[in-house]
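Lettering of chains follows the sequences in order, A, B, ..., and the numbering in each one begins at 1.
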Amino acid sequence: MKRTEVSTVLEEAKIGEEILVKGWVKSFRANRFIALNDGSCFKTLQVVVDFENYPEELIKRISFHSCVSIKGELVASQGSGQKVELQAKEIEILGDSDAGAYVLQPKKMTQEYLREKAHFRMRTNTFSAVFRLRHAIAFAINKYFNDHGYYYMHTPIITGSDAEGAGEMFHVTTFKPDTAPKDEAGNVDYKQDFFGKETNLTVSGQLQAEMGALALGKVYTFGPTFRAENSNTSRHLAEFWMIEPEVAFCDIHGDMDLAEDFSKYLIKYCLDNYPDDLAFLEKRILDSEKQMPKEQRRPLPLIESLKFVIDNDFERITYSDAVNLLRNSKPYKKGRFEFEVEWGKDLQAEHERWLVEKKFKKPVIVRDYPKGIKAFYMRQNDDDKTVAAMDVLFPGIGEVIGGSQREERHDKLLKRMEEMDIPEHELWWYLELRKFGGCPHAGFGMGFERMVQFITGMTNIRDVIPFPRAKGSAEF
RNA sequence: GCCUCUUUAGCUCAGCUGGUUAGAGCGCCGGACUGUUAAUCCGUAGGUCCUAGGUUCGAGUCCUAGAAGGGGCGCCA
């Protein structure tokens, strides 16, 4: 007999049908009711066991998270919690789980504790919901771009240039530290290394994606990226996934339009297709906020805040306007900001939070940043002071997207690289893209895990990736 | 990298200005009950109080150092 998944049972199976289900026991009440979950959906199937008909030895093995295979008949439920239930006829234990020795318990456990039990944490309601949604968002990303005529481009994980300018890199080598061959000057001789040169793990696929955009028109990358930054926050990982669309014949305004439309699509996809998981996560957050002071609680419940984002236009302002707004703000005048607001300096998290959470109360796109605080490849504006860069700021998590129109003018790009000490010989190919058939183009990078954080409401980024990699932590 | 908080039973925590045998809820185990929805009721077991030093007649409690974890900041996605 073929197994039926719980999601199928609840959606399609008819009363009176004989079915076989397999899954994990979420609870076993009164020696009679198994709540069975197989991961196919958030819901559980109630299985009714007439314990009088089974050996006590078998009944005892039905315990928290033991794995069972049950054949039975689907019947209308006598209880009020569910419409249908499975009347068990044959029960087989596929995997025992000794409740006394098992590290999970059918009760609330802290996220910090579960993080240490990452091999089991996906079995909990919270993490199974989070990881179903993580999948949903990944799928929606590919669907959105495919439906809009973009090509999925795989950029390299190992890169030969360290000029991408997005932060500290992880070195890739086959040398052992103590036996690495040295050159005459006593430095490590990377000519003898696997690739014949120094290599690193990528911090961004953008520069390579630009090659694709100038050939295929619209491309996107979606893959892991690596930063060896010593940043210890709930929004940073050493290994994270990034989405980077790159579009030919697109300026900064088209870039912002794409960022907004794309973000809304991902949120809407989850609302439309995963209501049970979102409802559970929302309830979980509301419960945990009950003992918190009001100002620490979310302004809106999870689902409402997601709907609010897709129903409203993102606020779009220039960096200069943002600085003026901040300098006229109440916290600025009362000296409540820790950091100075001054044209030319980057906006700090406290400033961004004021703009998003206090001033506009919705996502904000800030554009035209001073060129001194942005990367070499961003297109210089006519004022000679700013570049066509934009950041999308979300409530709660800050910067979700950073993007720009790229500098397509060879002379301007070269000059900027010289000013910023970017070695020309490492990016010769990037410069040649401007020499032969170049065109205005733009793109952005979205932090995948930050988007998953926003949609699931999880406060720590380590809880939205199955195996977090962060400073001092690479377990599992 | 900086600042700050935490570490007591399997889990979540309480433990006052240092004082005698370190507690609760849940979980586990045993029993009762059996149409439950975090089932209920009764009972048992379970603790190098993170580690190492120190102060003291006496340290879970105070001091110093270290370890692990959380939160905030910086850097960014």
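The listed nucleotides are B:C75, B:U34, B:U12; the one nearest the side chain of A:Thr110 is B:U12. For A:Arg227, taking side-chain heavy atoms from C-beta onward, the closest of the listed nucleotides B:G74, B:C76, B:G70 is B:C76. The side chain of A:His236 has B:C75 as its nearest neighbour among B:C75, B:U37, B:C26. For A:Gln46, taking side-chain heavy atoms from C-beta onward, the closest of the listed nucleotides B:G35, B:G74, B:G70 is B:G35.
Rounded to whole Å, the distance from CG on A:Leu347 to P on B:C75 is 11 Å. The distance between atom CD1 of A:Ile243 and atom P of B:A77, rounded to the nearest whole Å, is 13 Å. What separates CG of A:Asp391 from P of B:C76 is a distance of 10 Å, to the nearest Å. Distance A:Phe28 CZ to B:C29 P: 13 Å, rounded to the nearest Å. Across the protein-nucleic acid pair, A:Phe51 atom CZ and B:U34 atom P stand 8 Å apart, rounded to whole Å.
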Its dot-bracket string being built from Watson-Crick and G-U pairs below 3.5 Å, with | for another strand and [ ] for crossing, RNA chain B has the pattern (((((((..((((.....[...))))..((((.......))))......(((((..]....))))))))))))....
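Across all their heavy atoms, A:Phe131 and A:Arg121 have their closest contact at CZ-NH2, 4.2 Å.
Not a single donor-acceptor pair, N or O on each side, falls under 3.5 Å between the base of B:C73 and the side chain of A:Arg235. Counting atom types as modelled, A:Glu112 pairs no side-chain N or O with a base atom of B:U7 as donor and acceptor under 3.5 Å. Counting atom types as modelled, A:Glu85 pairs a side-chain N or O with a base atom of B:G35 as donor and acceptor under 3.5 Å.
Comparing A:Lys471 and A:Gly79, the nucleotide of RNA chain B nearest to each residue sits closer to the 5' end for A:Lys471. Projected onto RNA chain B by closest heavy-atom contact, A:Thr459 and A:Asn230 fall at different nucleotides, the more 5' of which corresponds to A:Asn230.
Applying the side-chain hydrogen bond (donor to acceptor under 3.5 Å, both in side chains) rule to A:Ser329 yields no partners; only residues at least two apart in sequence or on another chain are considered.
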